[in-house]
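The structure appears below as structure tokens.
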Amino acid sequence: MRIGYPCINRSIHCTASHTFRLASYTGERLRETVTANLACLEKILRYNHEHGLLFFRITSDLVPFASHPICTFPWQEHFAGEFRRIGEFIRKNGFRISMHPDQFVLLNAPDEGVFQRSIADLVYQTQVLDLMGLDATAKVQIHVGGVYGDKRLSMDRFAEKYTLLDEVIKNRLVIENDERLYTIRDCLELHDRTGIPVIADSFHHALNNKGERFADLLEPLRETWKGRDGIPMVDYSSQEPGKRVGAHAEHIVLEDFRQFLKETLLADIDIMLEIKDKEKSALLALAAARDDARLITRIPAHA
DNA sequence: AATGGTCAAGTCAGC
DNA sequence: GCTGACTTGACCATT
């Protein structure tokens, strides 16, 4: 089991999410920005390595406008050496890596233009992981998409579109339940139809479910990850008190997280903490998990 | 140098 | 019909 956090580290003064306005695009500006982003990504990974946080989500902003027609700079070739070096660091230290395209990536969009732009973004995200030389355990997670007035048809469309994808993308793509439209059950059904692994978000599940206990879904979820996909990834968060339902917490609530660990005790999973103070909460979670592990080892093997 | 409005892209819910 | 939310952050024009 590895524990991690997404995209941003608040302890070091370095972000891999530098961007700029579309109107400011030049090849030179892109080169400068990506140079800075890759340098920061490496620093963040070094911090994570030193602190035992071995699950990390790479920001989609790493190469700004990478999937936009304006981007003609050959960043893949220009930064091939840097990507390879970072990839070696990742592999050498046993990191698990994910990426998460944002809300504009919709495989099941009825609009062909939206679909094509989504493909372009998935190509970009998989290229980043490919350039790092990462195997199929490094995943790109998306949601099922919109409902467009007919959930049944929209799920059918997802399954159809998925089968059209290039193998390079299929090797990395996983689907995640969301807090309003598609449940873990829906994702598992799409797995049955397409073979796509399912990444569960425990917080979204708490907000959108058909009465299933999260712990009871762990085994069906695990079965969607084949050997080369690695162990299942799970996103974890909790409700920020006093805010809109679904708002991610600012800080981890350790009591809740310990309960979550207890429920998932027997499942070997990598846990991503979607908590706003990022590595700060991840470190507390890691300490809690290590406490738990010590408790577990006291249980006799044949008990 | 500080700040607040704005930023490539889509969809849905709630007003 | 508009606004805010999504993994919320970072840019940049204006002061």
Side-chain angles (χ1 to χ4, degrees), chain A residues 4-10 13-26 29-30 32-34 36-37 40 44 55-72 97-125 139-151 153-155 157-158 161 174-182 199 201-204 207-208 233-240 243-250 252 271-279 281-282:
Chain A
Y5 61 97
C7 306
I8 294 162
N9 180 299
R10 300 195 183 286
H13 299 289
C14 213
T15 162
S17 307
H18 296 284
T19 182
F20 49 84
R21 296 290 188 262
L22 180 60
S24 307
Y25 179 92
T26 62
R29 184 72 188 268
L30 184 85
E32 287 170 6
T33 305
V34 176
N37 283 347
C40 286
I44 295 168
F55 188 15
F56 189 65
R57 183 184 301 164
I58 296 174
T59 172
S60 302
D61 288 335
L62 193 68
V63 183
F65 304 104
S67 66
H68 189 282
I70 201 171
C71 183
T72 53
I97 298 294
S98 66
M99 292 186 77
H100 193 345
D102 53 17
Q103 67 270 30
F104 311 109
V105 172
L106 295 156
L107 276 192
N108 74 347
D111 182 287
E112 182 63 15
V114 173
F115 176 69
Q116 288 301 334
R117 285 190 287 279
S118 299
I119 298 292
D121 208 64
L122 292 176
V123 167
Y124 152 58
Q125 309 239 358
K139 294 302 187 189
V140 173
Q141 63 186 92
I142 60 170
H143 295 291
V144 177
V147 163
Y148 307 100
D150 189 329
K151 189 168 173 181
L153 278 179
S154 294
M155 286 177 73
R157 204 162 45 246
F158 180 94
K161 297 291 176 107
V174 300
I175 41 171
E176 179 182 10
N177 58 307
D178 63 79
E179 80 273 35
R180 304 201 311 283
L181 310 176
Y182 294 96
I199 172 168
D201 184 310
S202 67
F203 185 40
H204 290 167
L207 299 168
N208 184 19
M233 295 173 171
V234 168
D235 282 348
Y236 173 89
S237 188
S238 58
Q239 175 68 40
E240 174 68 13
K243 288 236 197 153
R244 149 198 87 76
V245 171
H248 288 231
E250 287 290 338
I252 192 168
I271 304 174
M272 172 77 51
L273 278 101
E274 293 186 331
I275 310 272
K276 293 194 180 179
D277 66 0
K278 306 287 178 179
E279 78 286 350
S281 283

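All values below come from the heavy atoms of this structure, side chains included, with hydrogens, waters and symmetry mates left out. Proteins come first, then strands; the chains are lettered A, B, ... in the order of their sequence lines, and each starts at number 1. Computed from a prediction, not measured in an experiment: that's the story for all the values here.
- Nearest-nucleotide assignment on DNA chain C puts the 5′-proximal partner with A:I8, out of A:I8 and A:R29.
- Rounded to whole Å, the P atom of C:dC12 lies 16 Å from the corresponding atom of B:dA9.
- A 4.5 Å side-chain heavy-atom check between A:E176 and A:H204 finds at least one atom pair inside the cut-off.
- Atom pair A:E274:CD and C:dG9:P shows a separation of 13 Å (rounding to whole Å applied).
- Separating the P atom of B:dA1 from that of C:dT7 is a span of 36 Å, rounded to the nearest Å.
- Distance, A:E240 CD to C:dA5 P: 14 Å, rounded to whole Å.
- A:F104 has its side chain out of reach of A:D121: every pair of non-hydrogen atoms, C-beta onward, lies at least 4.5 Å apart.
- When rounded to the nearest whole Å, the span between CG of A:D201 and P of C:dA5 equals 18 Å.
- Straight-line distance between the P atoms of B:dA8 and C:dA13: roughly 12 Å, to the nearest whole Å.
- A heavy-atom distance below 4.5 Å is found between the side chains of A:I175 and A:I142.
- Atom P of nucleotide C:dA10 and atom CZ of A:F65 are separated by 15 Å, given to the nearest angstrom.
- Classification of A:R157 and A:D150 as a salt-bridged pair fails, no side-chain N sitting under 4.0 Å from a carboxylate O.
- Under the 4.5 Å side-chain criterion, counting only non-hydrogen atoms from C-beta, A:F115 is not in contact with A:L106.
- Between A:V34 and A:H18 there is no side-chain heavy-atom pair separated by less than 4.5 Å.
- Straight-line distance between the C1' atoms of C:dG1 and B:dC7: roughly 22 Å, to the nearest whole Å.
- Within 4.0 Å (heavy atoms only), A:S60 reaches no atom of the nucleic acid at all.
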Pairs under 3.5 angstrom, nitrogen or oxygen only, protein versus nucleotides 3-5 of chain B, please.
| residue | atom | partner | partner atom | Å |
| --- | --- | --- | --- | --- |
| B:dG5 | N2 | A:R21 | NH2 | 3.4 |

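- The separation of B:dA2 from C:dT8, taken at their P atoms, amounts to 27 Å, rounded to a whole angstrom.
- Contacts of A:I70 with the nucleic acid, taken as non-hydrogen atoms under 4.0 Å apart, are absent.
- With sequence neighbours excluded, no residue forms a ring-ring contact (aromatic ring centres under 6.0 Å, His included) with A:Y182.
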Ring pair (Phe, Tyr, Trp, His ring centres under 6.0 Å) assessment of A:Y5 paired with A:F56 = CA-CA 6 Å; A:Y5 61 97; A:F56 189 65; 5.4 Å; yes
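- Residues A:R117 and A:S67 fail the side-chain proximity criterion, which asks for heavy atoms closer than 4.5 Å.
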Dump every N/O contact between nucleotides 1-4 of chain C and the protein below 3.5 Å, one line per pair.
none

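- Closest to the side chain of A:T19, out of C:dT7, C:dC11, C:dG9, is C:dC11.
- Residues A:S17 and A:D61 bring no donor and acceptor atom of their side chains to less than 3.5 Å of each other.
- Residue A:I275 contributes atom CD1, which lies 15 Å from atom C1' of C:dT8 at whole-angstrom precision.
- Taking the ring-ring contact (aromatic ring centres under 6.0 Å, His included) definition, one finds that A:F55 meets it with nothing, sequence neighbours left out.
- With a 4.5 Å cut-off on side-chain heavy atoms, A:T33 and A:F20 count as touching.
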Reading nucleotides 9-15 of chain B 5' to 3', which nucleotides get B (base under 4.0 Å from a protein heavy atom), which S (sugar-phosphate only), which -?
-> BBSSS--
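- Note that CG of A:D277 is 8.0 Å distant from CZ of A:R10, once rounded to the nearest 0.5 Å.
- With hydrogens and angles left out, the side-chain atoms of A:S237 and A:H248 include a donor and acceptor closer than 3.5 Å.
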Dot-bracket for DNA chain B, 5' to 3', with Watson-Crick and G-U pairs under 3.5 Å, [ ] for crossing pairs and | for other-strand pairs: what is it?
-> |||||||..||||||
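- What separates CD1 of A:I58 from C1' of C:dG9 is a distance of 18 Å, to the nearest Å.
- Phosphate proximity of C:dG9 to A:T15: absent, as no side-chain N or O sits under 4.0 Å from OP1 or OP2.
- Counting to the nearest Å, the C1' atom of C:dT7 and the NE2 atom of A:H143 are 8 Å from each other.
- Rounding to whole angstrom units, CZ of residue A:F20 and P of B:dA8 are separated by 10 Å.
- Under 4.0 angstrom from either OP1 or OP2 of C:dT7 there lies at least one side-chain N or O belonging to A:H204.
- Of the possible polar contacts, none joining the A:Y124 side chain to the A:H68 backbone as a donor-acceptor pair under 3.5 Å is found.
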